[in-house]
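Accompanying notes for the structure given below.
Bear in mind that the values here come from a model prediction, so they are computed numbers and not experimental data.
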Amino acid sequence: MAPRLASWMLQGLLRGASLTLCVGLAGTSAAETIVGATFDGPTTRYGHGILGDAVEFTELVIETEDWAHKTRYRVSLPEDHVFEDIAPRLWDITGDGAPEVVVIETDLARGASLAVYDETGKIAETPHIGRTNRWLAPIGAVDLDGDGRVEVAFIDRPHLTKTLRVFEWDGSDLVLDAELSGLTNHRIGQDFISGGVRDCGDGPELVTANSDWSDVMVTRLEGGALETRSVAAFSPEQLAAVLNCAL
């Protein structure tokens with residue numbers, strides 16, 4: 001539990017959740033930039049345990065900075081939601097050069113979604129998977145196809161469906177852009193997610209495993225379609241080498 005409690009991260013606000021100004025020095029500014037976030041409010045009210053323990057989180061603390069002030073905002077989820085995640089991610093989803101907070105937010109009855117927050121609350125969310133004890137594992141956020149809009153990628157049900165889904169920021173929300181089955185990035189009980197995004201000089205690529213963990217896979221978004229290829233036999237060392245463009 002301790003490593004997950006100590007991780008710095010960013011998470012989002014849900015319908016019915018509350019967003020509270022925790023600490024503000026001389027007010028807030030329109031030029032606020034998100035610089036950090038943590039989960040808080042550990043809970044055992046959702047017994048999925050996909051990350052190796054039964055502890056999830058009910059609160060997200062977002063820290064912002066402007067030229068003179070630091071401010072903290074606290075998101076508190078309603079009783080039927082948890083943050084079922086390792087740590088919040090500071091990813092630029094809107095493409096403005098400043099990060100938002102990306103988290104896995106789970107409805108106890110409808111499963112996980114990928115949610116995006118800033119200091120104003122939740123600004124986007126993918127659909128919940130549809131039933132309890134169903135989860136997703138994020139990969140990364142980047143303009144995958146060079147069209148000037150950011151895509152965010154995750155594996156939907158990495159232990160069951162094993163489907164890569166790519167959502168694009170359309171200026172106001174996340175919309176499904178492409179999907180491809182046969183890929184995964186997490187094993188049940190692991191407190192980490194494998195893979196990520198790399199750019200070896202020819203544009204960004206998504207790095208995962210294939211469905212049976214025998215190969216390291218590299219996937220590109222070309223012409224609106226996802227194209228994947230095996231680049232190495234899977235091992236943690238080979239995965240690191242692929243992410244570092246050594247393979």
Side-chain angles (χ1 to χ4, degrees), residues 1-20 37-62 73-91 93 100-118 121-141 152-167 173-176 179 183-195:
M1 184 176 91
R4 293 174 64 196
L5 280 170
S7 300
W8 278 92
M9 49 191 96
L10 287 175
Q11 172 80 334
L13 176 68
L14 139 86
R15 292 187 190 90
S18 61
L19 179 65
T20 305
T38 56
F39 288 132
D40 202 356
T43 181
T44 56
R45 69 189 183 200
Y46 185 54
H48 192 196
I50 205 69
L51 293 165
D53 61 36
V55 178
E56 310 304 343
F57 301 93
T58 63
E59 297 181 338
L60 169 72
V61 180
I62 298 174
Y73 300 88
R74 183 175 295 270
V75 175
S76 298
L77 293 180
E79 289 295 321
D80 58 353
H81 283 74
V82 295
F83 295 124
E84 190 181 11
D85 208 345
I86 297 163
R89 299 153 193 85
L90 298 185
W91 290 350
I93 300 297
E100 285 75 40
V101 178
V102 178
V103 294
I104 305 166
E105 184 172 316
T106 296
D107 181 305
L108 274 57
R110 297 185 295 144
S113 70
L114 194 75
V116 182
Y117 287 82
D118 65 14
K122 184 186 292 183
I123 64 169
E125 183 177 34
T126 65
H128 289 273
I129 290 171
R131 57 170 292 184
T132 191
N133 292 348
R134 295 296 182 265
W135 189 70
L136 59 84
I139 302 170
V152 59
F154 61 82
I155 301 294
D156 179 350
R157 288 160 284 183
H159 324 108
L160 297 170
T161 303
K162 301 180 181 181
T163 298
L164 168 62
R165 300 199 193 279
V166 175
F167 283 75
D173 206 349
L174 292 172
V175 295
L176 184 62
E179 55 188 356
L183 301 171
T184 190
N185 60 348
H186 184 264
R187 288 179 165 122
I188 292 174
Q190 290 180 333
D191 62 356
F192 60 91
I193 295 169
S194 299

Evaluate the side-chain contact (heavy atoms from CB on, under 4.5 Å) criterion for residues R131 and R110: first the C-alpha distance (whole Å), next the side-chain angles of each, then the deciding distance (0.1 Å), finally the verdict. CA-CA 4 Å; R131 57 170 292 184; R110 297 185 295 144; over 6 Å; no
Nearest atoms (heavy-atom pairs only) where H81 meets R45: O-NH2, 2.5 Å
Y46 and R134 have their tightest heavy-atom pair at OH-N, 4.1 Å
If I take atom CD from residue E84 and atom CH2 from residue W135, how far apart are they, to the nearest 0.5 angstrom? 7.0 Å
Closest non-hydrogen atoms of E59 and G41, given as atom of the first, atom of the second and distance, are OE1-N, 4.1 Å
Spatial distance of atom CZ (R187) from atom CD1 (I193) [nearest 0.5 Å]: 14.0 Å
Those residues that, when tested against T126, pass side-chain contact (heavy atoms from CB on, under 4.5 Å) (two or more places apart): S113, L114, F154, F167, L174
Distance check, rounded to the nearest 0.5 Å: D191 atom CG versus D53 atom CG? 8.0 Å
Looking at every non-hydrogen atom in both residues, tell me the closest pair between T43 and V82 and how far apart they are. CG2-CG1, 4.0 Å
Is any side-chain N of the basic residue among R74 and D40 closer than 4.0 Å to the acidic one's carboxylate O? yes
Measure the shortest side-chain to side-chain distance between E105 and L77 over non-hydrogen atoms and say whether it is less than 4.5 angstrom. yes
Do F39 and E56 come close enough that some side-chain heavy atom pair is under 4.5 Å? no
Under the side-chain contact (heavy atoms from CB on, under 4.5 Å) rule, what do W91 and V152 come out as? Steps first, then yes or no, please. CA-CA 9 Å; W91 290 350; V152 59; 4.0 Å; yes
Nearest 0.5 Å, what's the CD1-CD1 distance between I155 and I139? 4.0 Å
Backbone N or O of P158 within a donor-acceptor pair of the T184 side chain at under 3.5 Å? yes
Rounded distance (nearest 0.5 Å) linking atom CD1 of I129 with atom CG of D107: 11.5 Å
Of all heavy-atom pairs between L51 and I86, which one has the smallest distance, and what is that distance? CD2-CG1, 3.8 Å
The test is side-chain contact (heavy atoms from CB on, under 4.5 Å); show your working for H159 and I50 and say whether it passes. CA-CA 10 Å; H159 324 108; I50 205 69; 3.4 Å; yes
Rounded distance [0.5 Å steps], NZ in K162 versus CZ in R157: 13.0 Å
Answer yes or no: is there a donor N or O on one side and an acceptor on the other, between the side chain of T132 and the main chain of L108, under 3.5 Å? yes
Smallest heavy-atom separation, H128 atom then T106 atom, equals CE1-C, 4.3 Å
